[in-house]
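One structure is given here, and the rest of the page talks about it.
For the numbers below, each heavy atom of this structure counts, side chains included, while hydrogens, waters and symmetry mates do not.
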Amino acid sequence: MAKRFNNPTRKQKNLMCLVYCEGETEYWYLNKVLNSREVKLIPANNSDSNVLKMINAACKEFNKPERYKALYCVFDHDASSNTKEQLQSANQIILQNNHIRVFSNLSFEVVFCFANKFTTSIYQSVKAIEAVISKENNIEYKKQQIVVETLANKLSFNAICDNSKKCYEQLNINNDNWLEIQDSYSEIFKLKDLAS
């Protein structure tokens, strides 16, 4: 039997980035805009009912041998299922393992508000964000796959990334204050290099 030699260069060449999504909206949208040859996109399953469980499941998948070169954890504030303590604990796991947090405040839908303009608005509810999306895009926004995919096809992912990054920088967001910021923002720009 021939002896196998480990060739780290060869292994690294075929590795993909793992993008683990907390919700369906994130998955539907990113499935349309990210490069499927470079990205493995996984939605959290229903048993991962809060962000801490989701991050643990993402890390478990990421640690499978010789599959992934980076882990992007996509989640939002979602006050109904994520407490501040869970969000902070999840962030600690992400930082300790050199993974990448892609957080949206108040909800993932805020990314659509960055499509046509730079904004640092404070939205009081997800309904307020949905109203802006509806008005600016001449649609009735509903959390449905067909609507999210239509927006993905219609709106410029590059513009969304550029405007969300400007907002992030203007608000001086960092690992110490990311949960304290009241303005709506998104770290979706961290996925820009993975676009198709």
Side-chain angles (χ1 to χ4, degrees), residues 2 4-48 51 53-76 78 90-91 93-104 107-116 133 137 139 141-169 185-196:
R4 285 186 154 173
F5 292 97
N6 287 333
N7 183 343
T9 308
R10 184 167 180 240
K11 287 180 186 174
Q12 190 73 1
K13 200 184 292 185
N14 296 324
L15 297 181
M16 299 178 84
C17 291
L18 174 60
V19 178
Y20 212 93
C21 303
E22 179 184 32
E24 290 177 324
T25 307
E26 294 92 326
Y27 179 79
W28 295 331
Y29 178 68
L30 295 174
N31 193 42
K32 284 291 192 184
V33 298
L34 299 183
N35 185 338
S36 62
R37 289 174 300 206
E38 295 180 24
V39 174
K40 168 98 177 200
L41 192 62
I42 298 180
N45 68 42
N46 293 337
S47 65
D48 302 329
V51 71
K53 288 180 181 177
M54 184 212 91
I55 298 301
N56 286 323
C59 289
K60 184 177 178 182
E61 174 66 25
F62 179 78
N63 289 326
K64 291 181 178 176
E66 300 177 23
R67 288 198 182 184
Y68 308 109
K69 60 183 172 185
L71 170 58
Y72 295 80
C73 301
V74 182
F75 59 101
D76 57 28
D78 197 2
N91 191 53
I93 293 168
I94 291 168
L95 293 175
Q96 288 169 352
N97 291 287
N98 295 315
H99 300 317
I100 301 156
R101 179 189 69 225
V102 182
F103 178 74
S104 295
S107 72
F108 182 78
E109 282 82 358
V110 77
V111 303
F112 303 127
C113 297
F114 290 109
N116 302 313
I133 297 166
N137 295 286
I139 62 165
Y141 180 80
K142 293 181 179 181
K143 201 172 203 166
Q144 297 173 341
Q145 185 172 359
I146 187 76
V147 175
V148 173
E149 289 178 348
T150 299
L151 287 170
N153 291 329
K154 177 181 179 181
L155 305 175
S156 166
F157 183 64
N158 285 335
I160 288 172
C161 290
D162 293 345
N163 288 328
S164 67
K165 186 173 184 180
K166 282 183 208 171
C167 173
Y168 189 85
E169 290 170 346
Y185 72 91
S186 179
E187 297 174 324
I188 194 157
F189 61 88
K190 295 178 180 179
L191 296 170
K192 186 176 181 180
D193 290 341
L194 303 179
S196 46

- Query: Are more than 12 heavy atoms from other residues, nucleotides or ligands located less than 6.0 Å from atom CG of Asn153?
  - Reply: yes
- Note on the structure: Of all heavy-atom pairs linking Val39 and Leu34, the shortest is CG1-CD1, 4.2 Å
- Taking all heavy atoms of Gln144 and all of Trp28, pick out the closest pair and write down the distance. C-CZ3, 3.5 Å
- Have a look at Glu26 and tell me which of Pro43, Ser104, Cys21 forms a side-chain contact (heavy atoms from CB on, under 4.5 Å) with it. Cys21
- Message: Using every non-hydrogen atom in the two residues, find where Phe62 and Ala70 come nearest and quote the distance to one decimal.
- Response: CE1-C, 3.5 Å
- Note on the structure: Here the gap from Leu18 atom CG to Lys69 atom NZ, rounded to the nearest 0.5 Å, amounts to 12.5 Å
- Query: Mind checking whether Leu191 and Val74 have side chains closer than 4.5 Å, heavy atoms only?
  - Reply: yes
- Item | Which atom of Asn56 lies closest to which atom of Ile93, heavy atoms considered | OD1-CD1, 3.5 Å
- Query: How far does CG of Asp162 sit from CD1 of Ile188, to the nearest 0.5 angstrom?
  - Reply: 12.0 Å
- Query: Of the non-hydrogen atoms in Ser186 and Val111, which two are nearest, and what is the gap between them?
  - Reply: OG-CG1, 3.2 Å
- Taking C-beta and beyond as the side chain, do Tyr168 and Ser164 meet within less than 4.5 Å on heavy atoms? no
- Note on the structure: CG of Asn45 to NZ of Lys53, rounded to nearest 0.5 Å, is 10.5 Å
- Query: If you measure from NZ on Lys192 to CG on Asn158, what distance do you get to the nearest 0.5 Å?
  - Reply: 4.5 Å
- Do Arg67 and Glu61 sit within salt-bridge range, that is, some charged N less than 4.0 Å from a carboxylate O? yes
- List the steps, then state whether side chain to side chain contact (heavy atoms under 4.5 Å, CB included) holds for Phe189 with Lys166. CA-CA 10 Å; Phe189 61 88; Lys166 282 183 208 171; over 6 Å; no
- Could you tell me the separation between the CG atom of Asn91 and the CD1 atom of Ile55, rounded to the nearest 0.5 Å? 8.5 Å
- Count the heavy atoms of every other residue, nucleotide or ligand shown that sit under 6.0 Å from NZ of Lys154, and state whether that count exceeds 12. yes
- Message: Rounded at 0.5 Å granularity, tell me how far CG in Leu151 sits from CD in Glu109.
- Response: 10.0 Å
- Message: A quick test of your reading: do over 12 heavy atoms of other residues, nucleotides or ligands sit less than 6.0 Å from NZ of Lys40?
- Response: no
- Item | Donor-acceptor contact below 3.5 Å, side chain Glu22 vs main chain Asp76 | yes
- Show your reasoning for whether salt bridge (Lys or Arg N to Asp or Glu O under 4.0 Å) applies to Lys143 and Glu24. CA-CA 9 Å; Lys143 201 172 203 166; Glu24 290 177 324; over 6 Å; no
- Message: Could you check whether any side-chain N or O of Glu187 sits under 3.5 Å from a backbone N or O of Phe103, counting only pairs where one atom can act as donor and the other as acceptor?
- Response: yes
- Answer yes or no: is there a donor N or O on one side and an acceptor on the other, between the side chain of Asn31 and the main chain of Tyr27, under 3.5 Å? no
- Item | Partners meeting ring pair (Phe, Tyr, Trp, His ring centres under 6.0 Å) with Tyr141 (sequence neighbours left out) | none
- Message: Is the distance from the ring center of Tyr20 to that of Tyr72 below 6.0 Å?
- Response: no
- Task: Specify the closest pair of heavy atoms between Tyr68 and Cys17, including all atoms of both residues, with the distance to one decimal.
- Result: CD2-C, 4.4 Å
- Message: Please verify the inter-ring angle class for Phe112 with Tyr29; under 30° counts as parallel, over 60° as perpendicular, anything in between as tilted.
- Response: perpendicular
